[in-house]
Amino acid sequence: MSPIIFIITMTALIPLIMAFIAFWLPTLNPDSEKMSPYECGFDPLGTARLPFSIRFFLVAILFMLFDLEIALLLPLPWGDQLSTPLSTIMWTAIILILLTLGLIYEWLQGGLEWAE
């Protein structure tokens, strides 16, 4: 068998096996808790007029803000190959310093405390 046919076969076979396992495995042990709808931390069958904790949304927004560092730092390995890698390192350091200062500020303000 030629290497090209082997690679194409493996490329098709591995995802098919993984998809089969992903569809077959959860049906082995169905549970009422797992089968119930759960949306945004609220009971979907209850009333919509109940007050909710703003902490839930604050922590979600903070997670999204600090998770952006991955998107901002993702091109870093390619940025080292530029003609001026020093500028790439400088911008990376600025981004990390700003994120660290923001994390320290949120920590000191108590924004990361889940329970009061």
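Bear in mind the structure is a predicted one, so any value in this text is a computation, not a measurement.
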Q: Over all heavy atoms of both residues, which pair between Leu16 and Ala12 is shortest? Give the atoms and the distance, please.
A: CG-O, 3.2 Å

Q) CD1/Ile94 to CG/Leu99 distance, rounded to the nearest 0.5 angstrom? A) 12.0 Å

Q | Glu106 CD to Leu103 CG distance, which is reported to the nearest 0.5 Å | A | 8.5 Å

Q: Could you state whether Ile21 and Met10 fall into the same hydrophobic cluster, counting links through intermediate Ile, Leu, Val, Met, Phe, Trp or Tyr residues with side-chain heavy atoms under 4.5 angstrom apart?
A: yes

Q) Distance from Ile17 atom CD1 to Leu13 atom CG, nearest 0.5 Å? A) 4.0 Å

Q) If you round to the nearest 0.5 Å, how far is CG of Leu101 from CG of Leu96? A) 11.0 Å

Q. With hydrophobic residues grouped by side-chain heavy-atom distances under 4.5 Å, do Met90 and Leu98 end up in a single group?
A. yes

